[in-house]
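Heads up: the structure comes next, in structure tokens.
Just so it is clear, the model here is predicted, and its values are computed rather than measured.
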Amino acid sequence: MRVLLRLVRRRDKVFRRLSRDSRTAGYAQAGGEAAAGDRRSVASVLKLILRLFTALLIIAAVAAALLLPEPAYSLDGFDAFVDVADHWARDVLERAYHDGLIVGYEGSLFPDGSVSAAQAYTILNRMLGATAKADISSLGLSGGEWYHDDVSKAAYLGTYSAKNNTDLNAPLSRQDAFAMLAEAFQLAEAKPDLSALTAFTDSGMIDAANVTAMAALVSKGLLGGSGGMLSPAKATTRAEFLTAAYRIADLSMSDSAVKIDTAKGVMHRGSAALSDSSFRGGIWFDCSSSEISLQNVYAQSVTIRSHELKSLDLSGNTKIGRLILAAQSGDTYIATGNGSIVEVLVVGSGAGDVVCSGVGTIEITGSGRSITINSNAAKVVVTGANNTIYIPPRMKVGTIELLGSAGGTRVITDGSADVIDVSCSGAQLTGAGVVRTLVFSQPGTVAAVRHENIVDAADYGLLGASVSVNTIDRLPAGRELRATATINDALPGTTCAMTWYVDGSAVMHAAIVTGEIPPTLVHSYEYDRFMRRSSVIKVEISYTTNLGDYREISDEATVNLDNYNIEYYTRRDAEWVLEKVTLGYKGNYTLAWAEANDLSAYEKEVWVNAKGYKSKTAYMIWINLAYQRVNIFEGSEHNWELIRSCIVGTGGPGHGTATGVCATTYKQIAGWTTSRYTCRPVVRFREGTGYAFHSRLYYPGSDRLTDDRIGFPVSAGCIRMYDEDIWYIFDNIPEGTTVVIH
């Protein structure tokens, strides 16, 4: 009883741990490989109870291992973990442990286990101090998942990706993990240098949605490959993910420190009034940073991830290379001057209106943002979708670029702009001002703003075009198929890729130029007795615009295929089949040999049709002694088709079943019963003899087998069959059906 009480108390203690406030929670599912073993030796009933408790603990451990508020066993500091002593990322793991990102389970940290999306969200939430939650009821989660709150926080923060929602506990690929880091720390640039990826032989395997993020990390030296490869599809380990995160923001401070000069990235927690400081590696203000004041501060970059930004003050000789606004709420007013400089303003993911002045270059990488440019600016580059950009009266912007991903963006020009270059779809250009030159690199732009010049630089390619397949409806047997393609309404002179498909397989590739006659498909089919009776012919014309947009047109047609008749195949293949089918048992007197060896269905059909057998009924039976088979055919002379093949046992040594041609005679449902056996039913053949098809041998008058041997010559001359096979003949094969024994 005392043991049972200790177990119950241990269970209750664990449950109290699991239900504690997430404020003290540890690392998401990082110990999924750990197994909690039952180390107690108790009576069997107590073992069962303990295993039930342990099973509950394992479920929690697999789902949220290292999320326990304290290790499962008391640990004497970081060095007590058994899997970190010689690990390549030991310093990173120790820092993560002391920073509260990971805790451990059963004395291990599992650094080489794969990090999942749920774990990654949890780690990043803790690094960035995320607390606000979004409504994620549409995701289909029950609410009881260990990671539910962290997914909600990630959705609010903008790091959540629907791509990873299929299984939040599944291993996260390198490219998805690093794209998540790039979003969390707002590292992506509007026009990144994609050439940084060309050094890696597998860069073409990166998903289009992750290319910008991966290029940003590589170009900043935050991500490297191995052996000239990035391995984008490979799973990411926990150690790798933490290492990459700390390369971005290596240090952490929680006070308004002054006179800091660091080349490493800094994560600042809470509001700040920083002065006389230099952050050559950049500084990130976490989600709790609502009021920020920078005086005489130099920073290569300043990234604001605040849940609610209430104020941002730049004063003195503050100089910021890139100011990245990614606050989730709160309007932001950026005003430089009197010594303060912001070289590039980046409006990233988040919400709230942004009003800026005194900034020469503006990048808008977030979506759904509203930006007012309240001073003259040299350049605005937009990659986020559905943004609104307002140029007030008397304000001027040099160039506004709406790149391909900026679809649905609206530019209101009440002031002026030298150039607005539109490379996205669904853009709207309005306002009472004037634009000197509109450049349309994408067709379909709505321009309701005054302008002096329009440059139509759109690559129309296959826009509005179609293609049709022209071929024969029915192809005679043995003829070549010919098909042509007609391209309609395409702009002449466009070089495209053309592919012909036959039944889903590409059979011809060619480069074509619209306005010229495309090449004809000429295809020869492989004919056999069982070939398909129709074929699908498809043509596909594809083109990639100068903006990287892939366009494709296609058409298909179905062609009916006439096949040769059975006589054709019989004549063609009869010689070699007749040579192959010989008399004499070929096996080793085992059922296994019969199950493994036989003629093909096609060979059987060719043989009986080549032999020219006739039958008074629509059926014919061939007893093949060589392979111990009864083959049943349906049809007529020269047109027999195999409908059933049965393993049998023919006459054994000294009692061989006589060869020749005969016919079935009469049937006996009761079969034969002697003092030694019963076999039923019976279908007789070869009139005037005792030959018959019948079942295996049962004890007289019973359903218990006395001799179950089959698959080799074993009978006294009759044909032994499995019950289902003899009943098939009894029920379906009429009297007078030809029987061939060969």
Side-chain angles (χ1 to χ4, degrees), residues 188-198 203-216 363-365 367 379-387 389 399-411 419-429 435 437-447 451 453-468 485-501 506 508-519 538-555:
E189 300 176 1
K191 298 182 74 172
D193 180 11
L194 299 182
S195 65
L197 299 177
T198 59
S203 60
M205 297 174 62
I206 302 173
D207 293 346
N210 295 335
V211 168
T212 298
M214 296 284 277
E363 296 181 3
I364 305 172
T365 59
S367 296
K379 188 174 186 178
V380 177
V381 182
V382 186
T383 58
N386 301 311
N387 292 293
I389 303 167
T399 300
I400 300 176
E401 292 184 67
L402 306 183
L403 301 183
S405 56
T409 292
R410 184 183 182 192
V411 180
V419 177
I420 299 181
D421 189 341
V422 181
S423 299
C424 63
S425 60
Q428 299 180 45
L429 311 180
V435 178
T437 302
L438 295 177
V439 179
F440 293 156
S441 299
Q442 185 73 271
T445 303
V446 176
H451 53 273
N453 303 296
I454 289 183
V455 177
D456 188 350
D459 185 348
Y460 290 92
L462 295 173
L463 186 67
S466 63
V467 64
S468 56
T486 302
I487 302 174
N488 308 298
D489 303 321
L491 188 69
T494 302
T495 301
C496 305
M498 178 182 190
T499 304
W500 281 105
Y501 296 88
M508 177 181 176
H509 299 282
I512 64 169
V513 177
T514 55
E516 299 179 3
I517 298 175
K538 179 181 178 181
V539 66
E540 184 178 279
I541 312 293
S542 61
Y543 175 73
T544 301
T545 71
N546 52 24
L547 297 176
D549 296 332
Y550 179 80
R551 295 172 183 168
E552 179 185 296
I553 56 176
S554 63
D555 187 39

Quiz item: Between S554 and K538, does a side chain to side chain contact (heavy atoms under 4.5 Å, CB included) hold up when you go through it step by step?
Solution: CA-CA 7 Å; S554 63; K538 179 181 178 181; 3.9 Å; yes
Which atom names give the shortest non-hydrogen contact between [X] and [Y], and what distance separates them?
X    : Y    : answer
A485 : V467 : CB-CG2, 4.1 Å
G461 : R551 : N-NH1, 4.0 Å
P519 : I512 : CD-CG2, 3.6 Å
A506 : T499 : CB-CG2, 3.9 Å
A490 : T514 : CB-CG2, 3.9 Å
E189 : P192 : O-CD, 3.4 Å

Quiz item: Would you say I517 has more than 12 foreign heavy atoms packed within less than 6.0 Å of its CD1?
Solution: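 No.
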So how far is it from [X] [atom1] to [Y] [atom2], rounded to the nearest 0.5 Å?
X    : Y    : atom1 : atom2 : value
L438 : I454 : CG    : CD1   : 5.5 Å
Y543 : T495 : OH    : OG1   : 8.0 Å
T365 : L403 : OG1   : CG    : 11.5 Å
M214 : I206 : CE    : CD1   : 4.0 Å
T383 : N387 : OG1   : CG    : 8.5 Å
K379 : I400 : NZ    : CD1   : 12.0 Å

Report yes if the side chains of [X] and [Y] come closer than 4.5 Å at any heavy-atom pair, otherwise no.
X    : Y    : answer
I389 : I364 : yes
V422 : C424 : yes
V411 : Q428 : no
Y501 : E540 : yes
N386 : S367 : no
D459 : S441 : no
L429 : V446 : no

Quiz item: So does K191 pair up with E363, basic N to acidic O under 4.0 Å?
Solution: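 E363 and K191: not salt-bridged.
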Practice problem: Apply side chain to side chain contact (heavy atoms under 4.5 Å, CB included) to the pair V419 and V439, showing each step before the final yes or no. | Solution: CA-CA 7 Å; V419 177; V439 179; 4.1 Å; yes
Quiz item: Can you tell me if T399 and D421 form a side-chain donor-acceptor pair at under 3.5 Å?
Solution: no
Quiz item: side chain to side chain contact (heavy atoms under 4.5 Å, CB included) between M498 and V539: does it pass, once the steps are laid out?
Solution: CA-CA 7 Å; M498 178 182 190; V539 66; 3.6 Å; yes
Practice problem: Take C496 and L462 through the test side chain to side chain contact (heavy atoms under 4.5 Å, CB included) and record every step on the way to the result. | Solution: CA-CA 9 Å; C496 305; L462 295 173; 3.8 Å; yes
Quiz item: Any donor-acceptor pair under 3.5 Å linking the side chain of D193 with the backbone of S195?
Solution: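 A pair under 3.5 Å: yes.
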